[in-house]
Amino acid sequence: MVRGAGSRKGKESDMYTFDSRVRYSETDEEGNLSVVGIMNYLQDCSTFQSEDLKLGISYLNEEKRAWWLSGWQIEILRQPHFGERIRISTWPYGFKGIYGYRNFTIEDEMGNPLVRADSTWIEDKPLAMPPAPKKIRLPETYETAAPVTVERHHLDTNRHVNNAQYVAIARELLPVDFALGELRVEYRKAAVLGDVMYPKLAQVPEGYVVSLQDAEGQVYANLWLAKTGL
């Protein structure tokens, strides 16, 4: 069931909420909602709100405009497990110049928080991707991983790499037993079909920093991934 704005007490009047149940296709190898699955739910929530307000994909295409995600901060308190019923919510909380700021939550059936997220968005014409305002500090030394070529399954309706796919690519570089508790993503340049990303990986006290770059060292996305329990 989809609930419109103002459906929950104690939140901003323009909060948007919808309920779901974790599908098997969304789970990781532990049977929990995957990190990419979490990000997809957050994206879907804001997209549903835009569609219900008649300001969605068709409207933006007609106006030749788009919302670009500049950065994420996501705190994972607990990954919901397969079959669990969850509630996803979002609300904008501020605007400054071309930037818009939006919070998200995922809760369990009892209203306990599972995920909290903050995000920065930019409304601009297609292909206008200015640097993110919140910088991730990059270590001086890296390991270089195998290049990744952008395929069709990486793309979204803007024909750019979907923001969750950068996280999926970065997570493939981490140890199998690395439990992700928080991530921050800084998006710099949109990757498109056929682009080649060269991952740079560095271990830091909190976990890892991954920089996805082109052959000239221009950054597509920087990611800071912290382990659970910090």
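Excluded from the calculations below are hydrogen atoms, water molecules and symmetry mates; all remaining heavy atoms, backbone and side chain alike, are included.
When atom types are taken as modelled, the side chain of Gln49 and the backbone of Asp14 share a donor-acceptor pair closer than 3.5 angstrom. Side-chain atoms of Gln79 never come within 3.5 Å of backbone atoms of Asn32 as a donor-acceptor pair (strictly under, hydrogens ignored). In this structure a side-chain-to-backbone donor-acceptor pair under 3.5 Å is present from Tyr187 to Asn163. Between the side chain of Ser89 and the main chain of Thr105, no donor-acceptor pair closer than 3.5 Å is present. Thr228 contributes a side-chain N or O that, together with a main-chain N or O of Ala179, makes up a donor-acceptor pair within less than 3.5 Å.
The two atoms that bring Trp224 and Val204 nearest to each other are NE1-CG2, 4.5 Å, heavy atoms only. For Pro199 against Ala146, the heavy-atom pair with the smallest separation is CD-O, 3.3 Å. Contact between Val36 and Ala164 at its shortest, heavy atoms only, is CG2-O, 3.9 Å. Scanning both residues, Arg188 and Asn222, for their nearest heavy atoms gives NH2-ND2, 4.1 Å. The two residues Thr144 and Lys200 come nearest to each other via the heavy atoms OG1-NZ, 3.5 Å. Of all heavy-atom pairs spanning Gly83 and Arg21, the tightest one is O-NE, 2.7 Å.
Here the side chains of Asp19 and Arg85 are not in contact, with every heavy-atom distance at 4.5 Å or above. Between Leu173 and Val210, some side-chain heavy-atom pair lies under the 4.5 Å cut-off. For the pair Glu26 and Asn40, the minimum side-chain heavy-atom distance is 4.5 Å or more. Put simply, the side chain of Leu155 reaches to within 4.5 Å of the side chain of Val150, judged on heavy atoms. Here the side chains of Glu84 and Arg78 are in contact, with some heavy-atom distance below 4.5 Å. Considering only heavy atoms from C-beta on, Asp214 stays 4.5 Å or farther from Asp195 through its side chain.
No continuous path of ILVMFWY side-chain contacts below 4.5 Å connects Phe82 to Ile106, so the two sit in separate hydrophobic clusters. Side-chain heavy atoms closer than 4.5 Å link hydrophobic residues (I, L, V, M, F, W, Y) into clusters, and following such links, possibly through other members, connects Tyr208 to Leu183. Leu212 and Leu193 end up in the same hydrophobic cluster when Ile, Leu, Val, Met, Phe, Trp and Tyr side chains are linked at under 4.5 Å. Hydrophobic clustering (ILVMFWY, side-chain heavy atoms < 4.5 Å, transitive): Val219 and Val209 are in distinct clusters. Hydrophobic clustering, with ILVMFWY side chains joined whenever heavy atoms are under 4.5 angstrom apart, groups Leu174 together with Met39.
To the nearest 0.5 angstrom, Ser119 atom OG is 7.0 Å from Asn103 atom CG. The structure places CD of Glu75 at 11.5 Å from CG of Leu114, a figure rounded to the nearest 0.5 Å. If you take OH on Tyr142 and CD on Gln203, they are separated by 13.5 Å, rounding to the nearest 0.5 Å. With rounding to the nearest 0.5 angstrom, the CD1 atom of Ile74 is 13.0 Å from the CZ atom of Arg116. Interatomic distance, Met197 CE to Lys189 NZ, rounded to the nearest 0.5 Å: 10.5 Å. Put simply, OH on Tyr93 and CG on Asp118 are 3.5 Å apart, with the number rounded to the nearest 0.5 Å.
Remark: Phe104 engages Trp72 in a ring-ring contact (aromatic ring centres under 6.0 Å, His included) (not counting sequence neighbours).
Hydrophobic cluster membership for Tyr198: Val196 (Ile, Leu, Val, Met, Phe, Trp, Tyr linked by side-chain heavy atoms under 4.5 Å, directly or transitively).
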Side chain to side chain donor-acceptor pair (under 3.5 Å) between Asn162 and Gln43, intermediate numbers included = CA-CA 10 Å; Asn162 181 272; Gln43 292 182 81; 3.1 Å; yes
Full working for side chain to side chain donor-acceptor pair (under 3.5 Å) between Ser20 and Tyr41 | CA-CA 9 Å; Ser20 188; Tyr41 269 116; 2.9 Å; yes
Walk me through it: do Val167 and Val35 pass the test side chain to side chain contact (heavy atoms under 4.5 Å, CB included)?
-> CA-CA 8 Å; Val167 178; Val35 175; 4.0 Å; yes
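Between Glu182 and Arg184, at least one side-chain nitrogen of the basic residue sits less than 4.0 Å from a carboxylate oxygen of the acidic one, meeting the salt-bridge criterion.
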